[in-house]
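No hydrogens, no waters, no symmetry mates; every other heavy atom, side chains included, goes into these values. So that the names make sense, note that chain A is the first sequence line, chain B the second, and so on, each numbered from 1. From a predicted model like this one, the values you see are computed outputs, not experimental measurements.
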There are 2 protein chains.
Amino acid sequence: MEETSWEPPPVLLAVDLVILTLRSSRLHVLLVERGIEPYEGASALPGGFLFDSGEDIRAAAHRELSEEANLDASRLHLEQLGAYGSPDRDPRGRVVSVAYLAIAPGLPEPEAGTDASAASWLPVEEFTSGRAPLAFDHHRILEDGVEQARTELEHTSLATAFCNETFTISELQRVYEAVWGQQLDPRNFYRKVQAVPGFILPAVSDRRPTRGRPARLFRRGPRTRLRPPMMRPDPPTQSEER
Amino acid sequence: MEETSWEPPPVLLAVDLVILTLRSSRLHVLLVERGIEPYEGASALPGGFLFDSGEDIRAAAHRELSEEANLDASRLHLEQLGAYGSPDRDPRGRVVSVAYLAIAPGLPEPEAGTDASAASWLPVEEFTSGRAPLAFDHHRILEDGVEQARTELEHTSLATAFCNETFTISELQRVYEAVWGQQLDPRNFYRKVQAVPGFILPAVSDRRPTRGRPARLFRRGPRTRLRPPMMRPDPPTQSEER
DNA sequence: TCAAAAGTGTTATGCGTACACCCATGG
DNA sequence: CCATGGGTGTACGCATAACACTTTTGA
């Protein structure tokens with residue numbers, strides 16, 4: 001196959017992170033303000049180049065997670081979204097970026113890591129609804145990440161990654177509602193979630209003060225693949241087919 | 001973030017292809033015999049390095065599809081599986097491979113492309129059931145590809161990519177049975193498939209000779225996302241939870 | 001006329017949904 | 001005792017699975 005003197009072209013490898021969390025019942029994504037060209041001053045996903053030839057790609061994602069988001073890597077869902085490598089995606093040269101999806105529970109004050117001074121949580125709908133621009137092809141990466149989160153909420157226990165160690169069922173419901181962007185019936189959700197074997201487990205009652213009747217607390221169950229799945233109601237499908 | 005004189009390390013970018021098809025009602029994958037080190041003589045997925053710095057990754061996958069499998073790139077489903085980049089996956093150096101899943105309809109004689117002399121279709125179960133080894137991390141890539149095909153059969157019209165331009169419903173059923181590895185009721189399948197709007201459309205009757213009553217012919221419909229999904233029956237889930 | 005595969009009807013069951021209703025707590 | 005959110009009961013409709021049955025062809 002190969003010619004005698006032909007050599008494959010080298011490329012630069014980067015990682016980009018779609019870090020999602022829930023803040024005040026809305027889905028937010030962590031973005032940084034770029035300090036250097038290209039796209040200086042624009043919003044971008046946290047990320048960066050592979051540190052050295054021996055670094056594993058997932059390890060690089062974890063490293064950027066600490067450096068740029070100041071997030072504790074342990075107990076954090078991290079999952080590959082795919083490779084993005086259009087020849088013209090980075091004006092500096094041929095850069096292929098491997099994108100990861102990270103899910104963080106709601107955090108008190110997540111801003112300002114060690115080196116990215118201008119990291120902040122922004123509502124995803126400001127970017128998926130066409131408005132604000134992002135550097136490189138990060139707009140597409142973000143959309144892919146949100147879509148993956150949406151479908152994984154159906155088939156995996158990903159939703160619990162948005163929650164703390166213990167959580168109430170209505171907290172879990174707010175995750176589903178925020179990511180899917182639609183309202184769910186609390187009473188049916190309550191039973192449906194508990195009907196999936198191994199999804200959530202009762203936790204020791206350590207109720208927090210609240211208005212209304214205190215809710216029972218739960219924790220993640222052992223099962224990661226949900227059977228049966230939590231199917232989202234069809235969005236208002238006005239046009240059946242064409 | 002960056003040091004003044006630090007430069008990101010270059011990597012080599014490869015593509016690998018999981019090309020699936022159906023032969024005599026069983027799922028097969030296209031494998032080549034490696035002609036050079038490393039893993040000389042071992043079976044491997046078709047693939048190769050990026051040709052030059054300007055080549056798009058998907059284009060490289062299409063090129064390898066033609067070169068190694070001699071498959072017409074047009075009308076062929078091609079989809080990214082993910083990036084595989086463990087530091088030690090290739091003894092020659094740091095190679096990151098972007099894997100693609102390709103689905104081909106049953107072909108008369110698919111062997112022997114232009115340069116890979118020893119390409120052949122092998123039943124996937126010989127490799128997923130632990131037995132035969134594959135070069136590099138291709139065993140894992142193959143498993144990921146088959147799993148992706150399985151779940152996409154539920155939610156997308158991927159199954160029609162295994163079929164020719166026109167097909168019968170029982171041909172489509174054989175696709176589902178081969179990929180999922182379980183039997184389906186022909187009568188319920190018959191109606192279920194037709195109940196999904198836009199999945200399959202009636203084609204001009206051009207019946208082929210067969211034993212028994214000739215079947216109606218169908219072609220792909222416009223819809224790629226199936227609503228409702230074709231849910232596979234739970235596999236014999238002996239252990240409920242633990 | 002028989003075998004084989006395609007296609008249709010019918011029924012029981014289970015699940016999702018909607019919604020009425022009761023429970024427990026803070027103010 | 002009232003507002004607020006947590007939790008339970010239940011009925012209805014629809015999707016599915018199971019399977020008896022009819023149709024259409026080749027041999």
Any donor-acceptor pair, under 3.5 Å, between the side chain of A/R187 and the base of D/dG9, if you only look at N and O atoms? no
I want to confirm an ordering. Mapping A/R213 and A/D185 to their closest nucleotides on DNA chain C, which one lands closer to the 5' end? A/D185
For B/N188 and B/S170, find the nucleotide of DNA chain C closest to each by heavy atoms; which residue's nucleotide sits nearer the 5' end? B/S170
Side chains of A/I141 and A/V18: does their closest heavy-atom pair fall under 4.5 Å? yes
Please report, rounded to the nearest Å, how far the P atom of D/dG5 is from the CD atom of A/Q183. 13 Å
Less than 4.0 angstrom from a charged side-chain N to a carboxylate O is my criterion; do A/R150 and A/E147 meet it? yes
Phosphate oxygens OP1/OP2 of D/dT8: is one of them under 4.0 Å from a side-chain N or O of A/R216? yes
Checking B/E143 now: which residues fulfil salt bridge (Lys or Arg N to Asp or Glu O under 4.0 Å) with it, not counting sequence neighbours? none
Per the end-axis method with five pairs at each terminus, what is the bend angle of the helix from C/dT1-D/dA27 to C/dG27-D/dC1, to 10°? 0°
Applying a 4.0 Å non-hydrogen cut-off, can you work out what B/T168 is touching in the nucleic acid: base, sugar-phosphate, or nothing? nothing
Using the closest heavy atom to pick a nucleotide of DNA chain D for each, name whichever of A/P214 or A/R191 lands nearer the 5' end. A/P214
Can a donor-acceptor pair be found, under 3.5 Å and without considering hydrogens, that links the side chain of B/T210 to the backbone of B/G212? no
Value for CZ (A/R63) from CZ (A/R58), rounded to nearest 0.5 Å, stands at 14.5 Å
For chain B, the stretch of DNA chain C it reaches, first to last nucleotide, under 4.0 Å of its heavy atoms: C/dA4 to C/dT10
